[in-house]
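Read the structure below first, then the notes.
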Amino acid sequence: MILGTGIDAVSIERAKKLQGRVLEKIYNPKELEEYNALEGAHEDIRAQFLASRFAVKEAYAKARGTGFCDIVNPNEIYTQKESDGRPYVVLCGKTLDNAPRAVVHLSITHEMPLAIAMVTLESIGNTNVKS
């Protein structure tokens with residue numbers, strides 16, 4: 001059963017302006033490590049990374065039906081890649097503690113000027129959604 005779907009689009013240009021404490025508040029340390037590894041890359045590539053990762057966070061929060069709140073924190077939602085390059089969502093902290101038992105399906109795309117993510121939550125067995 002589908003528990004929720006969420007989609008979000010983020011301006012790549014706007015992501016170029018993110019810096020300092022804002023990055024630490026929004027992004028998980030693992031994402032910041034990956035972002036910092038792109039130090040020599042073109043600014044558009046770096047901004048695509050930030051924009052797409054933020055779109056994933058928003059899409060997940062929308063799929064949960066809560067938006068960002070005390071149980072769905074943006075820096076507790078991050079994206080990693082399978083060995084074949086497919087992205088997947090990782091949750092930690094309160095966001096994980098309050099997550100429904102669900103498979104998280106994720107799709108990300110970016111083409112100037114936007115990065116877009118779509119998340120679908122599919123229940124695993126008998127699920128009680130906590131919010």
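Worth saying up front: this structure is predicted, and the values here are computed from it rather than measured.
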Just verifying a value: how many Å separate [X] [atom1] and [Y] [atom2], rounded to the nearest 0.5 Å?
X	Y	atom1	atom2	result
Leu50	Ile45	CG	CD1	12.0 Å
Glu122	Thr120	CD	OG1	9.0 Å
Cys69	Asn98	SG	CG	8.5 Å
Asn36	Glu31	CG	CD	11.5 Å

Check your understanding: Is the NZ or CZ atom of Arg46 both under 6.0 Å from the centre of the six-membered ring of Tyr35 and within 45° of that ring's axis?
Key -> yes
Practice item. Could you give me the CA-CA distance, side-chain angles and deciding distance for Tyr88 and Gln80, then say whether side chain to side chain donor-acceptor pair (under 3.5 Å) is met? Key: CA-CA 6 Å; Tyr88 64 94; Gln80 292 197 307; 3.2 Å; yes
Please find the pair of heavy atoms, one from [X] and one from [Y], that lie closest to each other, and give the distance.
X	Y	value
Glu24	Leu32	CA-CD1, 4.1 Å
Ile12	His110	CD1-CB, 4.2 Å
Ser11	Ala51	O-CB, 4.1 Å
Ala55	Ala115	CB-O, 4.0 Å

Review point. Would you find more than 12 non-hydrogen atoms of other residues, nucleotides or ligands less than 6.0 Å from Glu82 atom CD?
Key: yes
Review point. Should Arg21 and Leu23 count as side-chain neighbours, where that means a heavy-atom distance under 4.5 Å?
Key: no
Do [Y] and [X] meet the salt-bridge criterion of a basic N to acidic O distance under 4.0 Å?
X	Y	answer
Asp70	Lys94	no
Glu33	Lys30	no
Asp8	Lys57	no

Check your understanding: Hey, which of Leu3, Ile77, Val56, Leu121 is the one that makes side-chain contact (heavy atoms from CB on, under 4.5 Å) with Val104?
Key ->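 Checked Leu3, Ile77, Val56, Leu121 against Val104; only one passes side-chain contact (heavy atoms from CB on, under 4.5 Å): Leu121.
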Point to revise | Donor-acceptor pair, side chain of Glu76 and main chain of Gly93, under 3.5 angstrom | key: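 No; judged by distance alone, with no hydrogens or angles, the pair does not exist.
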